[in-house]
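The figures here come from the full heavy-atom set of this structure, side chains too, leaving out hydrogens, waters and symmetry mates. Throughout, numbering of the chain's residues begins at 1 and tracks the sequence.
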Amino acid sequence: MLNFKRYQRNPVENFPERTWPNNEIQKAPIWCSVDLRDGNQALIDPMVVSEKIEMFQYLVKLGFKEIEVGFPAASQIEFDFLRQLIDRKLIPDDVRVQVLTQCREELIDRTFESIQGCKQAIVHIYNSTSTLQRDVVFGKNQDEILEIAIAGTKMVKERAASFPGKIILEYSPESYTGTETDYALKVCEAVMDEWGATKENPVIINLPSTVEMTTPNVFADRIEWTIKNFKDRERVIVSVHPHNDRGTGVATAELALLAGADRVEGTLFGNGERTGNVDICNIAYNMFSQGIDCELDLSNVNEIVELYERCCKIPIHPRHPYAGKLVFTAFSGSHQDAINKGVKAMRDRNSEIWQVPYLPIDPADIGREYEPIVRINSQSGKGGVAFVMDTYFGFKLPKGMQREFADVIQEISERQGEVAPETIMDKFREEYLMKKEPIHFRKLKVDDLSEETESEFDTKVTLTYTNRDKEKTFVAVGNGPLDAVQRGLMEAFDIKIKILDYEEHALQSGSNSQAAAYIHMLDVNSGKVTYGVGVSSNITRASVRAVFSALNRLGLGE
């Protein structure tokens, strides 16, 4: 039994004036990637300089305009990496690099040394303000912690005055989620006052859920309360830096945006300390799915995954939203059927608006393929098998036949698990197209009897077939080739059959197109029914092949 009495609830905000629940996300925030700092420090095998450069250039390619590149005062590798970015002129003019440092003079000096020659940089200072860390880590009271933040700001301000490029200050009351909200606001206001923040020269105030301690709505309340109580909202860019300890980092970020946050710090797929940072790709794709321009080029998720897994040496979970290998895959039969019908409806209606059950976005929009959407295992049904046969191979199985063939595939999947499309097609050939024993259709001659007024039939056929390799021929008449063939077969084999349904369609367009024909046949004596399938460039021959396929499946060709 879990000893829940060891834990206590974290306090919530008493904020009945909240307005964020009625808001909607209207636009993308300012994105700041911390893959190279917060993400990198959490890797078992951190990136080397060459990998960091590759990652930086890829983040620029994706459209990030603010990228935290490291803690150069604390690591020679990170210092050297930043120097390479600057000396090799790898930082575009419209991109701001961000560097993190504690509020200590020697670290701030080293930080400014690392950014010499940079046209613009965000200097990100922080100190922990939480009640717990004030008590057990620093042994300082509120005033002493406040003074650390003010002193750090003053040191950055002094060095920024003589720096040839533009310096933007960012301040984080680290462990904001464990800090009294009014005290966190007091510290942030003191930092802005010391910096001399204005509308033209704002400070980035970064409010991190360094450790997720409550539900996302509580964080949103705190963000909205803080924003409404700033003395001058225009002099601050409100940033959030959610972590994922409770598994709600994405929700925390989204609700913070509803509460008025301007900026989000996170990593591409949520890598970071403990359970990770907020997943920027997840949030951005969520916006995209709602018709909002996420202002990042995330159109090739496979490429992003490849770069991320190679540089970070961490695999993407197969069920990861949008990026996982299985997220656009349906094993459930009912899901497969709904997807199949939804895609067909989209095509039939020529709709420009994406609306397909179980698929919130078109996988093709982010570089995924339709082929993996429906995969067949023992949980799949007729809809999934029909989707594969149509999407991969162009066979539009009649509704009744979908169940018949799905049962065939079900037996395979129960033995071996997932069944590949190629295996499904192989079984389709074996069960229907190549069902040529014991009788095999060879050739057909059709004569028109419509001018012979004495005949009650309008068609005569001469059909040649083999029965266990012995060639035979019959002549029969009927109303149309298919009726004549049916009558001739009943006489030749002394059987009674009935064609219940007939469907046909083109397999491909053009002068060399093939046609597929489907025959639903009843053995009147036994009551058994089955389907036969035939393919030919001539629709009549395709139909006759389908009849022979059905006869062999019923065991009547003896």
(message) Side chains of S33 and D35: any donor to acceptor distance under 3.5 Å?
(response) yes

(request) Evaluate the side-chain proximity of Y392 to I424: yes if any heavy-atom separation is below 4.5 Å, no if none is. (result) no

(request) Hey, could you give me the CZ/CG distance between R541 and L444, rounded to the nearest 0.5 Å? (result) 7.5 Å

(request) Walk me through it: do E224 and T19 pass the test side chain to side chain donor-acceptor pair (under 3.5 Å)? (result) CA-CA 8 Å; E224 184 174 348; T19 63; 2.6 Å; yes

(message) If you define the side chain from C-beta out and look only at heavy atoms, does anything of I366 sit under 4.5 Å from F328?
(response) yes

(message) Do the side chains of E303 and K61 get close enough for a salt bridge, i.e. N-O under 4.0 angstrom?
(response) yes

(message) Could you check whether E24 and Q290, counting side-chain N and O atoms only, form a donor-acceptor pair closer than 3.5 Å?
(response) no

(request) Taking only Lys NZ, Arg NE, NH1 and NH2, and the carboxylate oxygens of Asp or Glu, determine whether E411 and K427 approach each other closer than 4.0 Å. (result) no

(message) Within the structure provided, determine whether V278 and V250 are in side-chain contact (heavy-atom separation under 4.5 Å).
(response) yes

(message) Testing the basics here: between V388 and P421, what is the closest heavy-atom pair and its distance to 0.1 Å?
(response) CG1-CB, 3.9 Å

(request) Take D279 and H320, measure what side chain to side chain contact (heavy atoms under 4.5 Å, CB included) needs, and give me the verdict at the end. (result) CA-CA 10 Å; D279 183 333; H320 189 289; 2.7 Å; yes

(message) Quiz question: by atom type and distance under 3.5 Å, do the side chains of T275 and N244 form a donor-acceptor pair?
(response) no

(message) Testing the basics here: between N552 and K435, what is the closest heavy-atom pair and its distance to 0.1 Å?
(response) ND2-O, 2.9 Å

(message) Please report the interatomic distance OG(S549) to CD1(I439), rounded to the nearest 0.5 Å.
(response) 10.0 Å

(request) Anything under 30° is parallel, anything over 60° is perpendicular, the rest tilted; go ahead and classify F428 against Y432. (result) tilted

(request) Walk me through it: do W354 and M346 pass the test side chain to side chain contact (heavy atoms under 4.5 Å, CB included)? (result) CA-CA 8 Å; W354 179 261; M346 285 272 298; 3.5 Å; yes

(request) Evaluate whether atom CD of Q57 has more than 12 neighbouring non-hydrogen atoms of other residues, nucleotides or ligands under 6.0 angstrom away. (result) yes

(message) Is the shortest side-chain heavy-atom distance between P208 and E265 below 4.5 Å?
(response) no

(message) What's the separation between atom CD1 in I304 and atom CG in L62, rounded to the nearest 0.5 Å?
(response) 5.0 Å

(request) Could you tell me whether the side chain of M287 reaches within less than 4.5 Å of the side chain of K27, counting heavy atoms only? (result) no

(request) Taking atom CD of E491 as the centre, report whether more than 12 heavy atoms of other residues, nucleotides or ligands fall under 6.0 Å from it. (result) no

(message) Using every non-hydrogen atom in the two residues, find where L507 and G394 come nearest and quote the distance to one decimal.
(response) CD2-O, 3.3 Å

(request) Evaluate the criterion side chain to side chain contact (heavy atoms under 4.5 Å, CB included) for residue pair K313 and I44; output intermediate values, then yes/no. (result) CA-CA 8 Å; K313 297 92 173 176; I44 297 173; over 6 Å; no

(message) Run N217 and T215 through side chain to side chain donor-acceptor pair (under 3.5 Å) and show every step you take.
(response) CA-CA 6 Å; N217 62 297; T215 50; 2.5 Å; yes

(request) Compare all side-chain heavy atoms of N286 with those of I25 and state whether any distance is below 4.5 angstrom. (result) no

(message) I'd like to know if the side chain of D245 and the backbone of E212 have a donor-acceptor N/O pair within less than 3.5 Å.
(response) yes

Please table the atom pairs, donor to acceptor, closer than 3.5 Å between any side-chain atom in residues 515-534 and protein atoms at least two apart or in another chain.
from: Y518; atom 1: OH; to: K396; atom 2: N; distance (Å): 3.3
from: Y518; atom 1: OH; to: H505; atom 2: NE2; distance (Å): 2.8
from: D523; atom 1: OD1; to: N525; atom 2: N; distance (Å): 3.2
from: D523; atom 1: OD2; to: S526; atom 2: OG; distance (Å): 2.8
from: S526; atom 1: OG; to: K528; atom 2: N; distance (Å): 3.2
from: T530; atom 1: OG1; to: E404; atom 2: OE1; distance (Å): 3.1
from: T530; atom 1: OG1; to: E404; atom 2: OE2; distance (Å): 3.4
from: T530; atom 1: OG1; to: R553; atom 2: NE; distance (Å): 3.1
from: T530; atom 1: OG1; to: R553; atom 2: NH2; distance (Å): 3.4

(request) Report, as yes or no, whether the 6.0 Å neighbourhood of atom NZ on K496 holds more than 12 heavy atoms from other residues, nucleotides or ligands. (result) no

(message) Please check if the number of heavy atoms outside D494 that lie under 6.0 Å from its CG is greater than 12.
(response) no

(request) Provide the closest heavy-atom pair for L482 versus S543 in the form atom of the first, atom of the second, distance. (result) CD1-CB, 4.0 Å

(message) Just to verify, what does D469 make a side-chain contact (heavy atoms from CB on, under 4.5 Å) with, not counting sequence neighbours?
(response) none

(message) My understanding is that only one of V547, V544, L556, L463 makes a side-chain contact (heavy atoms from CB on, under 4.5 Å) with L489; could you say which?
(response) V547

(request) Using the six-membered ring wherever Trp is involved, compare the ring planes of F269 and Y308 and label them parallel, tilted or perpendicular (cut-offs 30° and 60°). (result) perpendicular

(request) Indicate yes or no for a side-chain donor-acceptor contact from Q514 to the backbone of S537 under 3.5 Å, with no hydrogens or angles considered. (result) yes

(message) Tell me whether E68 contacts the main-chain N or O of D38 through its side chain, where contact means a donor paired with an acceptor under 3.5 Å.
(response) no

(request) Could you grab the distance from atom CG of L255 to atom CZ of F219, nearest 0.5 Å is fine? (result) 10.0 Å

(message) Can you tell me how far apart OG1 (T464) and NZ (K443) are? Round to the nearest 0.5 Å.
(response) 5.0 Å

(request) May I ask you to test the V535-R545 pair for a side-chain heavy-atom distance under 4.5 Å? (result) no

(message) Using side-chain heavy atoms (C-beta onward) and a distance below 4.5 Å, is N302 in contact with N300?
(response) yes

